[in-house]
Amino acid sequence: VSPVAAPPDTATALAELLRSMADDEFVIGFSDSEWTGIAPLLEEDVAMSSLAQDELGHAAALYGLLAELTGTDADSLAYDREPADYRHCRLLDHGRGDWAMTIARRFLYDSADVVRLEALAEGSWAPLAELVGKLLREELYHRMHAGAWLDRLARTAGEPRDRLLAALAELAPDAATVFTPLPAEPALLEAGVLATPMTVLERRWRETVEPVFVHLDLPMPPEAREPDRGRLDHGEAFRWLWGEFTSVRRSDPGAIW
Amino acid sequence: MTDEAPEAPRAAPAPELEAWEVFRQEKDGDPMRHGGSVMAPDAELAAHYAREMFGRRQESVRLWVVRRADVVDLDDPDLLQPPLDRSFKKPGGYVMREKLAAARAQAGQPKPKARSS
């Protein structure tokens with residue numbers, strides 16, 4: 001028996017979960033990689049590029065697990081789908097924006113991702129629980145980096161704080177979409193893959209970020225606008241990004257790299 | 001982060017970068033060796049950047065990040081390269097080779113191999 005095997009009814013639900021997580025990591029990783037060469041400082045350029053690579057590495061590991069589970073291929077999962085078939089959350093659908101947008105998105109996503117990963121680390125499906133344990137160790141640095149920048153922008157009056165507030169006004173209404181319950185959630189809870197419902201994880205996330213937002217006098221993220229469609233209806237910004245990240249693959253379909 | 005009262009935003013300072021020297025240890029027990037330097041506005045980001053420049057490929061187990069301005073710099077030739085002959089302070093005048101060889105012969109020990117560094 002392959003260590004990645006799962007009972008058929010659980011496998012379908014697992015595939016849905018893995019796809020949503022892998023797409024999240026892939027889309028934020030690719031968005032952040034757009035700073036390569038144009039970040040505000042040379043050192044930050046290296047840092048943000050390395051962080052983006054980490055996220056793409058996480059996506060590769062999750063797509064790899066999904067590929068083993070479903071007998072497909074990780075590259076094909078990452079690059080050969082139509083934009084409507086991606087299941088990343090709406091928080092990641094806003095385009096790169098300025099540096100404050102990138103920092104706000106990173107902070108909102110990383111703080112939520114850690115809560116999600118901690119819940120999955122206690123899950124019953126060993127291949128995922130083990131992988132998630134490793135991802136969590138790398139996310140520590142990501143959170144430190146985003147937290148340091150959030151602090152710096154929030155506490156510097158004038159343009160830095162104004163830009164951060166504008167970025168949060170655009171992004172925060174979608175922050176909770178990281179916890180959009182999947183159609184497969186009942187099956188995942190039943191199988192113990194997901195130890196805690198997403199609605200509870202969202203509350204947990206709000207408790208973890210509230211002290212930070214209060215301390216920096218920033219508005220708390222509101223409830224998600226359309227809680228059920230938080231991973232659907234990707235707009236123009238994602239279609240553009242999709243065109244970018246699939247362009248090389250589509251330039252020579254079937255080529256072996 | 002704490003749950004104290006909100007902190008009032010400070011006025012925007014000019015983003016002043018300064019140099020930080022980074023020392024790294026390749027594996028446990030190794031000496032700390034100078035790796036290079038990074039530019040950063042404060043210790044927190046200096047640590048992040050040092051980690052990216054000198055640790056992201058798992059090439060270090062420990063980093064020391066030191067503000068360059070905090071390094072005591074000593075390059076005065078009167079202190080380090082005094083003009084008079086100081087060769088008598090070097091051990092080169094004492095030839096030990098024959099004495100060591102004789103001592104080894106007496107103890108019946110072979111010459112140890114060169115240590116690999």
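Lettering of chains follows the sequences in order, A, B, ..., and the numbering in each one begins at 1.
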Within a 6.0 Å radius of atom [atom1] on [X], are there more than 12 heavy atoms belonging to other residues, nucleotides or ligands?
X        : atom1 : value
A:Tyr79  : OH    : no
A:Arg249 : CZ    : yes
B:Arg62  : CZ    : no

Any Lys/Arg nitrogen of B:Asp42 or A:Arg152 sitting under 4.0 Å from an Asp/Glu carboxylate oxygen of the other?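 Yes.
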Rounded at 0.5 Å granularity, tell me how far OG in A:Ser50 sits from NE2 in B:His48.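 These two atoms lie 12.0 Å from each other.
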Begin with the C-alpha distance, continue with both residues' side-chain angles, and end with the deciding distance and a verdict on side chain to side chain contact (heavy atoms under 4.5 Å, CB included) for A:Glu43 and B:Glu52. CA-CA 8 Å; A:Glu43 274 81 348; B:Glu52 290 296 351; over 6 Å; no
Partner chain B: residue of A:Leu218, A:Leu41, A:Leu42, A:Leu51 with the largest heavy-atom pair count (under 4.5 Å):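 The candidate making the most pairs under 4.5 Å is A:Leu41.
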Under 4.5 Å from any heavy atom of chain B, what part of A:Glu44 do you find: side chain, backbone, both or neither?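 For A:Glu44, heavy atoms of backbone and side chain both lie under 4.5 Å from chain B.
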Evaluate the side-chain proximity of A:Asp151 to B:Glu44: yes if any heavy-atom separation is below 4.5 Å, no if none is.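 The answer is no; the side chains never approach within 4.5 Å.
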Is chain A contacted by the side chain of B:Met39, its backbone, both, or neither, given a heavy-atom distance below 4.5 Å?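 Contact with chain A: backbone and side chain both.
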